[in-house]
Chemist: 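Pasting a structure here, questions to come.
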Amino acid sequence: MSNKELSRILFSIAKYLEMEEESFRSVAYRKASRSISSLDRSVEDIYSEGGPEALKEIPGVGESIALKIEEYIKTGKIKYYEELKSKTPIDLSEIIAIEGMGPKKAKILYQKLKVKTISQLEKAAKGHLIAPLRGFGEKTELNILQGIEFLKGQKGRFLLGEVYPIVEDVLRGLRSLREVEKAEVAGSFRRSKETVGDIDLLAVSSEPEKVMEYFASQPDVAKVWGKGLTKSSVRMAEGFDMDLRVVSRKSYGAALQYFTGSKEHNVATRRIAISKGLKLNEYGVFKGTRRIAGETEEDVYKAIGLQWIPPEMRENQGEVELALENKIPRVVDCKDMRGDLHVHSNWDGGNDPIEVLAEVAKKMGYEYIGISDHTQYLKIEHGLDEAQLAKRDLEIDKLNEEYKEFRILKGCEANILNHGEIDIKDEALSKLDYVIAGIHSSMKMGKAEMTERIITAMKNPNVDIFSHPTGRLINTRDEYQIDLEKILRAAKEFNVVLEINASIERLDLKDEYIKRAKKAGVKMVIGTDAHIKEELNLMRLGVAQARRGWAKKKDIINTGSVEELLNNFHD
DNA sequence: GCCGTTTTCGGCCCGACTGTTTTCAGTCG
């Protein structure tokens, strides 16, 4: 059993309860679900150490949910959940993945039209059976069809952040085997693409049968597609496939290069090899039949006259040409990061007190953490008003007195209202160390209006950072309509830093826009948008995204010291 | 169903937006 599965079931229960108008109970389940999905320990371990009592230590888990988790660990099922499912037997999670569809609509469509699956839903919409229903209409029907199309577009792709902890676990497991000399993940995962299809793993071992046996019998494996001595392929319980290849030590680097891709990058590198009278394949670099490189990736690139290229850059976007001239930039690295400015504390409904967040940040080696609680407009996120902000800042002052080489910065994530106004008084904003502003409402504005709205907000001298600039949710929601070039020019002119939001479903700015921002001379900041302390480690996703956008250390302001950082902001 | 520097019971989940309706239900953040 994985935390992920459990979290998914609790989330599903929450959605079923919404169907039943059980709103408070639903919120409780959703909270528990979120909490569990971001735990850094396995729920099973927690249970085996301390039983249901230990489970209750998990935020959002109380008596009742603890018992349900126990039931799940012991029997693999939760009776309560099974009952909810049998009452309304539909693919709820799939159907509500369609933008605009929620549990209530799903229930009506089941009751009136017996719609249980996406394909039945599509059929019903195409047959114009939905529009005549009370509460539905032409537009809803159309939105459903568009939503289904959107979902089809990303079928089979998983979010990088979703699979990250699972891949790490598998890799750790492989590396811990005595029979494994080394192991690494390749493919789009290694390139840190925002979504990944299947996961490609490589290992060097003199006893492949034992390695493959281990790989195929991991607890999370749902199905074994094939198991051989050089390649095995499995479907994980979470729904994605993993391939493991065991290669010889001599060709490990070449295999890593080959399986990391991208395909386009590989075509380009092979072409370079040919131009030098060499041959590059997954076994090595060959001069005639003699292998001249292959053991390490560095050797492989060197043998064909190229500088080593960070995996995140391997998309054939000009990186091969740069490598030929030894001009690959030193892109930003996790080690460069000195702090996180996008963190929500328990003041705005986040999970953890400022003190706890600061301690985690310190342990991560940071020199500062910025607390950016929501402001008042976002009622559901317990946004703070001017007085509450001031009160919170007293707490920060007090904590700061205790620290020597570490500082907690006072920030907020304010809301940009429909005409570019900020939802909290300038007087309050000016007292903070920095202000993040972002859009959390009216996301379907027209392009011109939306662009104007954002630029108006940027003109506010208190606004320092523009958070999740395009508002997209990967695989779920498109970007808002904005004129990015205009926004970039305004950011430069009004000295506003653009965020690279590292949360799993956002990764916003995306790679391409990071390049454009860089070109426009706009500074960026990587923020995790953590609502609980464990999410501070999403920084690595944000850094990976920045690397995909070829950002250097100097492009990212939270690689600087506190003084350097604050210098980027208005007074 | 969870939680407690307002409480072990009674709060918590508000407001905008959309697409439906002629006053509102469902969805989203």
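Note on naming: letters A, B, ... go to the chains in the order of the sequence lines (proteins, then strands), and numbering restarts at 1 for each one. Note that the coordinates shown come from a computational prediction; the quantities given were computed from them, not determined experimentally.
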Chemist: Applying salt bridge (charged side-chain N to carboxylate O under 4.0 Å, His left out), which residue pairs with at least one partner in residues 105-132 of chain A are found, sequence neighbours left out?
Modeler: Glu122(A)-Lys126(A), Glu122(A)-Lys152(A)
Chemist: Starting at CD1 of Ile36(A), measure out to CZ of Arg8(A) and round the result to the nearest 0.5 Å.
Modeler: 14.0 Å
Chemist: If we take the P atom in both dT21(B) and dG26(B), what is their distance in whole Å?
Modeler: 13 Å
Chemist: Charged N to carboxylate O below 4.0 Å: is that the case for Arg25(A) and Glu18(A)?
Modeler: no
Chemist: Assess whether a salt bridge exists between Glu395(A) and Lys391(A), defined as any Lys/Arg side-chain N lying under 4.0 Å from an Asp/Glu carboxylate O.
Modeler: no
Chemist: How far does SG of Cys412(A) sit from CG of Leu384(A), to the nearest 0.5 angstrom?
Modeler: 8.5 Å
Chemist: Expressed as a whole number of Å, how far does the P atom of dT6(B) sit from that of dC2(B)?
Modeler: 23 Å
Chemist: In Watson-Crick or G-U wobble terms, both distances under 3.5 Å, what is the partner of dT8(B)?
Modeler: none
Chemist: Does dC12(B) have Phe24(A) stacked on its base, where the ring centres are within less than 5.5 Å and the planes differ by under 30°?
Modeler: yes
Chemist: Could you tell me how far apart Asp348(A) (CG) and dC12(B) (P) are, to the nearest whole angstrom?
Modeler: 17 Å
Chemist: To the nearest Å, give me how far apart CD1 (Ile416(A)) and C1' (dG29(B)) are.
Modeler: 15 Å
Chemist: Is the closest basic N to carboxylate O distance between Glu71(A) and Lys68(A) below 4.0 Å?
Modeler: no
Chemist: At under 4.0 Å between heavy atoms, how does the protein contact nucleotides 18-23 of chain B? Give one character per nucleotide, 5' to 3', with B, S or -.
Modeler: SSSS--
Chemist: Quickly work out the Trp347(A) CH2 to dT5(B) P distance and round it to whole Å.
Modeler: 13 Å
Chemist: How long is the line joining CG of Asp508(A) and P of dG29(B), in whole Å?
Modeler: 13 Å
Chemist: Once you round it to whole Å, what is the distance between C1' of dC17(B) and CG of Asn415(A)?
Modeler: 15 Å
Chemist: Tell me whether the centres of the aromatic rings in Tyr164(A) and Phe189(A) are closer together than 6.0 Å.
Modeler: yes
Chemist: Taking the P atom in each of dC12(B) and dC17(B), what is the distance between them to the nearest angstrom?
Modeler: 24 Å
Chemist: Measure the distance from CG on Leu17(A) to C1' on dC12(B) and round it to the nearest whole Å.
Modeler: 15 Å
Chemist: Taking the same atom, C1', in dG1(B) and in dT8(B), what whole-Å distance lies between them?
Modeler: 14 Å
Chemist: For DNA chain B, find the residues of residues 63-89 of chain A with a heavy-atom distance under 4.0 Å and give them by number; none if there aren't any.
Modeler: Glu63(A), Ser64(A), Ile65(A), Lys68(A)
Chemist: Figure out the CG/C1' separation between Asn346(A) and dT5(B), and round it to whole Å.
Modeler: 13 Å
Chemist: Counting only side-chain N and O atoms of Asn418(A), is one of them less than 4.0 Å from OP1 or OP2 of dC17(B)?
Modeler: yes
Chemist: Tell me what Leu473(A) touches on the nucleic acid: a base, only sugar-phosphate, or nothing, going by heavy atoms under 4.0 Å.
Modeler: sugar-phosphate
Chemist: In whole Å, what separates the P atom of dT23(B) from that of dT27(B)?
Modeler: 22 Å
Chemist: On DNA chain B, does the nearest nucleotide to Lys15(A) precede the nearest nucleotide to Ala28(A) from the 5' side, or the other way round? Give the residue.
Modeler: Ala28(A)
Chemist: Provide the distance between the two P atoms, one in dG19(B) and one in dC13(B), to the nearest whole Å.
Modeler: 28 Å
Chemist: What integer number of Å spans the C1' atoms of dC14(B) and dT7(B)?
Modeler: 22 Å
Chemist: Looking at the rings of His468(A) and His440(A), which for Trp means the six-membered one, are their centres under 6.0 Å apart?
Modeler: yes
Chemist: Can you pull out every side chain to side chain donor-acceptor pair (under 3.5 Å) where at least one residue sits in residues 480-493 of chain A? Sequence neighbours excluded, please.
Modeler: Glu485(A)-Arg516(A)
Chemist: For a side-chain hydrogen bond (donor to acceptor under 3.5 Å, both in side chains) with Arg472(A), tell me which candidate from Glu194(A), Glu479(A), Glu505(A) qualifies.
Modeler: Glu194(A)
Chemist: Could I get a table of every N or O pair under 3.5 Å where one atom is in the protein and the other is in nucleotides 25-27 of chain B?
Modeler:
from, atom 1, to, atom 2, distance (Å)
dT27(B), OP1, Gly102(A), N, 2.5
dT27(B), OP1, Gly102(A), O, 2.9
dT27(B), OP1, Lys105(A), N, 3.1
dT27(B), OP2, Lys104(A), N, 3.3

Chemist: Suppose we screen for side chain to side chain donor-acceptor pair (under 3.5 Å). Which residues come up paired with Ser42(A), at least two apart in sequence or across chains?
Modeler: none
Chemist: Between Arg392(A) and Asp348(A), does any NZ, NE, NH1 or NH2 come within less than 4.0 Å of an OD or OE carboxylate oxygen?
Modeler: no
Chemist: Between dG10(B) and dT18(B), how far apart are the two C1' atoms, rounded to whole Å?
Modeler: 34 Å
Chemist: Assuming nearest nucleotide by heavy-atom distance, tell me which of Ile58(A) and Ser26(A) is located more 5' along DNA chain B.
Modeler: Ile58(A)
Chemist: Lys31(A) has an atom NZ; how far is it from atom C1' of dC12(B), in whole Å?
Modeler: 9 Å
Chemist: I'd like to know if the side chain of Asp464(A) and the backbone of Val435(A) have a donor-acceptor N/O pair within less than 3.5 Å.
Modeler: yes
